[in-house]
Student: 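Take a look at this one; I'll ask things after.
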Amino acid sequence: MTDQPQPSTPAAAPDLFTWEFASNPYPAYAWLREHAPVHRTKLPSGVEAWLVTRYADAKQTLADHRLSKNPAHHAEPAHAKGKTGIPGERKAELMTHLLNIDPPDHTRLRRLVSKAFTPRRVAEFAPRVQELTDGLIDGFARKGSADLIHEFAFPLPIYAICDLLGVPREDQDDFRDWAGMMIRHQGGPRGGVARSVKKMRGYLADLIHRKREALPTEPAPGEDLISGLIRASDHGEHLTENEAAAMAFILLFAGFETTVNLIGNGTYALLTNPEQRARLQASLAAGETGLLETGVEELLRYDGPVELATWRFATQPLSIGGQRIAPGDPVLVVLAAADRDPERFADPDVLDLARRDNQHLGYGHGIHYCLGAPLARLEGQTALATLLTRLPDLRLAAEPAELRWRGGLIMRGLRTLPVEFTPTPR
């Protein structure tokens, strides 16, 4: 059972996208599920969109081919289109990635990427993830305190995805800086994000060019992902440099922050649910992995890293949950609301690491299901298991009410997570 008080559901339509809402959106989502399950609202950017909050509607919507991922289908004027994606991606010519395209281009590009980004490759990467995890904990274990976001949850997936992509070690701190700028500016001025995107685009273009020039005829064992993207072909059709750059960019951008939030939100949920945390620690001490595996899935459901699925646009009139949607209307599936729908999950506001019937939507559904989910699961399991094993008395160093959540639209994550523990040598 959760030790956190669960605020009662609002009696009237709740305010959305306030700082109070960001701290705990679940009562507001419960109200929407019951009273306005497909709800039209004005977003902080000024764009109006439909929010889909019930599980059954959400799952259907995520797989509906009448909803396009291409922002060209947005009904609003061109100036508004820049408010519906990643800031700066249009100017940086990074639009042709999996989050912005539909079949047949989506089918072609995903198939090409899948050849270089397989679960087997992720499994082979496990020792490196463990090495990175231990190295980061070594960096603060002697202090007895840390900010787990900035010192652990944030750098781990950055360095991991850089290694997987083939970014040279000497350049990885630049990626860390650009990624940090993206996180810090979400929900605020968009200029900082756009500048980071532009810098990242320039670097990726140069790196792809250099790797293409030096690419051997046959792939070496464990070839990096960018080289794999360059090499990948489908019926003789190769990725263009723009497509390869966009793909590398979105794997980094979409991959790192989801894992930051999985580790941050997951650790916070365990620290505020001591009975569940104790169960997991006992299971790990016994050398078991089953509870860790189901536990990470439950953490993805309970307070997952992606609050709203990325943008979709109606290409024709359609109905969702009995609500008529006009062509060109934006639709946002609220994964956080769907994954706490009592019509689908028993006791949805309770954290149960052993939950078995857990077909959550944390990584989406349908053809746009998250390509990097195997890597994120590996990183989440490794990070949480190692933290709880090496720092067994880990505890919050602040009251939950003092913590602040980032105010972006799509992602859900803590700004900081201060913790204390008994200092340990390496």
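Bear in mind the structure is a predicted one, so any value in this text is a computation, not a measurement.
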Student: Can you establish whether the number of heavy atoms outside Gln359 located under 6.0 Å from its atom CD is more than 12?
Tutor: no

Student: Considering residues at least two apart in sequence or located in another chain, which fulfil the side chain to side chain donor-acceptor pair (under 3.5 Å) criterion with Arg54?
Tutor: none

Student: Check Ser23 against Arg412 and note the closest heavy-atom contact, atom names and distance.
Tutor: O-NH2, 3.3 Å

Student: Please tell me if the side chains of Leu51 and Val331 come closer than 4.5 Å, counting only heavy atoms from C-beta onward.
Tutor: no

Student: Please output the side-chain donor-acceptor pairs of residues 211-218 that fall under 3.5 Å, not counting sequence neighbours, one pair per line with the distance.
Tutor:
| from | atom 1 | to | atom 2 | distance (Å) |
| --- | --- | --- | --- | --- |
| Lys211 | NZ | Gly166 | O | 3.2 |
| Lys211 | NZ | Asp224 | OD2 | 3.1 |
| Arg212 | NE | Glu241 | OE2 | 3.2 |

Student: Run Arg406 and Glu307 through salt bridge (Lys or Arg N to Asp or Glu O under 4.0 Å) and show every step you take.
Tutor: CA-CA 12 Å; Arg406 291 193 297 275; Glu307 190 167 345; over 6 Å; no

Student: Pick one: which of Val306, Val334, Asp339 meets side chain to side chain contact (heavy atoms under 4.5 Å, CB included) with Leu361?
Tutor: Asp339

Student: Would you compute the distance between atom CG of Leu351 and atom CG of Asp347 and round it to the nearest 0.5 angstrom?
Tutor: 12.0 Å

Student: Taking Asp329 for its side chain and Ala314 for its backbone only, find out whether a donor-acceptor pair lies under 3.5 Å.
Tutor: no

Student: Flag the pair Phe21 / Tyr26 as yes when their ring centroid distance falls below 6.0 Å, and as no otherwise.
Tutor: no

Student: Between Thr294 (side chain only) and Leu353 (backbone N and O only), is there a donor and an acceptor less than 3.5 Å apart?
Tutor: yes

Student: Would the number of heavy atoms belonging to other residues, nucleotides or ligands and lying under 6.0 Å from CD of Glu170 be above 12?
Tutor: yes

Student: Can you find a pair of side-chain heavy atoms, one from Pro305 and one from Val260, that are under 4.5 Å apart?
Tutor: no

Student: Please check if the side chain of His150 supplies one atom and the backbone of Arg415 the other of a donor-acceptor pair under 3.5 Å.
Tutor: yes

Student: Donor-acceptor check, side chain of Glu48 to backbone of Arg40, threshold 3.5 angstrom: yes or no?
Tutor: no

Student: Partners of Asp64 by salt bridge (charged side-chain N to carboxylate O under 4.0 Å, His left out), sequence neighbours excluded?
Tutor: Arg66

Student: Considering non-hydrogen atoms only, spot the tightest contact between Ala49 and Leu43 and give its length.
Tutor: CB-CD1, 4.0 Å

Student: Would you say the side chain of Thr267 lies within less than 4.5 Å of the side chain of Leu394, judging by non-hydrogen atoms?
Tutor: yes

Student: Do Tyr268 and Leu403 make a side-chain contact, defined as non-hydrogen atoms from C-beta onward lying under 4.5 Å apart?
Tutor: yes

Student: Report the distance from atom CG of Asp163 to atom CD of Glu131, rounding to the nearest 0.5 Å.
Tutor: 8.5 Å

Student: Looking only at non-hydrogen atoms, find the nearest pair between Phe313 and Pro71 and report the distance.
Tutor: CE1-CA, 3.6 Å

Student: Should Tyr159 and Arg169 be marked as a side-chain contact (heavy atoms from CB on, under 4.5 Å) after you check the CA-CA gap, both sets of side-chain angles, and the distance that decides it?
Tutor: CA-CA 9 Å; Tyr159 293 140; Arg169 299 281 171 88; over 6 Å; no

Student: Assess the residue pair Gln172 and Ile158 against the criterion (side-chain contact (heavy atoms from CB on, under 4.5 Å)); give the C-alpha distance rounded to whole Å, side-chain angles, the decisive distance to 0.1 Å, and a yes or no.
Tutor: CA-CA 8 Å; Gln172 292 185 7; Ile158 285 290; 5.9 Å; no

Student: Between Arg404 and Trp19, is NZ or CZ placed under 6.0 angstrom from the six-membered ring centre and within 45° of the ring axis?
Tutor: no

Student: Please report the interatomic distance CD1(Ile325) to CH2(Trp50), rounded to the nearest 0.5 Å.
Tutor: 4.5 Å

Student: Between Phe175 and Tyr203, is the ring centre distance below 6.0 Å?
Tutor: yes

Student: Does Asp303 reach the main-chain N or O of Asn265 with its side chain, forming a donor-acceptor pair under 3.5 Å?
Tutor: no

Student: Using every non-hydrogen atom in the two residues, find where Gly380 and Ile263 come nearest and quote the distance to one decimal.
Tutor: CA-CG1, 4.4 Å

Student: Glu297 and Arg355: salt bridge (Lys or Arg N to Asp or Glu O under 4.0 Å), yes or no, with the steps?
Tutor: CA-CA 9 Å; Glu297 298 309 305; Arg355 190 184 295 267; over 6 Å; no

Student: Taking C-beta and beyond as the side chain, do Glu151 and Leu136 meet within less than 4.5 Å on heavy atoms?
Tutor: no

Student: If I take atom CG from residue Leu280 and atom OG1 from residue Thr389, how far apart are they, to the nearest 0.5 angstrom?
Tutor: 8.0 Å

Student: Yes or no on side-chain contact (heavy atoms from CB on, under 4.5 Å) for Thr259 and Leu156, after CA distance, side-chain angles and deciding distance?
Tutor: CA-CA 9 Å; Thr259 307; Leu156 174 58; 5.8 Å; no

Student: Any salt bridge linking Arg33 with Asp57? Criterion: basic side-chain nitrogen under 4.0 Å from a carboxylate oxygen.
Tutor: no

Student: Only counting residues at least two apart or in another chain, list the ones meeting side chain to side chain donor-acceptor pair (under 3.5 Å) with Arg312.
Tutor: none

Student: With a 4.5 Å cut-off on side-chain heavy atoms, are Tyr302 and His360 touching?
Tutor: no

Student: Please identify each residue that fulfils salt bridge (charged side-chain N to carboxylate O under 4.0 Å, His left out) with Asp352, with sequence neighbours left out.
Tutor: Arg279

Student: Where the side chain of Arg395 meets the backbone of Asp393, is there a donor-acceptor pair that is under 3.5 Å apart?
Tutor: yes

Student: Walk me through whether Lys199 and Asp174 qualify under salt bridge (Lys or Arg N to Asp or Glu O under 4.0 Å).
Tutor: CA-CA 10 Å; Lys199 290 177 181 177; Asp174 288 337; over 6 Å; no

Student: CE of Met200 to CG of Leu207: how many Å apart, nearest 0.5 Å?
Tutor: 12.0 Å

Student: Can you tell me how far the OH atom of Tyr29 sits from the OG1 atom of Thr53, to the nearest 0.5 Å?
Tutor: 9.5 Å

Student: Would you check, one step at a time, whether the test side-chain contact (heavy atoms from CB on, under 4.5 Å) holds for Trp311 with Leu332?
Tutor: CA-CA 6 Å; Trp311 295 83; Leu332 291 166; 3.9 Å; yes

Student: Hey, does the side chain of Thr107 reach the backbone of Pro103 with a donor-acceptor pair shorter than 3.5 angstrom?
Tutor: no

Student: Is NZ or CZ of Arg176 both nearer than 6.0 Å to the six-membered ring centre of Phe154 and within 45° of the ring axis?
Tutor: no

Student: More than 12 heavy atoms of other residues, nucleotides or ligands under 6.0 Å from NZ of Lys42: yes or no?
Tutor: no

Student: Would you check if the side chain of Ser68 reaches a backbone N or O of Thr315 as a donor-acceptor pair within less than 3.5 Å?
Tutor: no

Student: Flag the pair Lys143 and Glu420 as a salt bridge only when some basic side-chain nitrogen lies within less than 4.0 angstrom of an acidic carboxylate oxygen.
Tutor: no

Student: If only atom types and distance count, is the side chain of Thr272 paired as donor or acceptor with the main-chain N or O of Ala269 below 3.5 Å?
Tutor: yes

Student: Within 45° of the axis and under 6.0 Å from the centre of the six-membered ring of Phe345, does NZ or CZ of Arg301 qualify?
Tutor: yes

Student: State whether a side-chain donor-acceptor pair under 3.5 Å links Ser283 with Glu288.
Tutor: yes

Student: Is there a side-chain contact between Arg377 and Val122 (heavy atoms, below 4.5 Å)?
Tutor: no

Student: If the condition is side-chain contact (heavy atoms from CB on, under 4.5 Å), which residues does Gln281 pass it with, not counting sequence neighbours?
Tutor: Arg277, Leu388, Pro392

Student: Do Leu148 and Leu387 come within less than 4.5 Å of each other through their side chains, counting heavy atoms only?
Tutor: yes

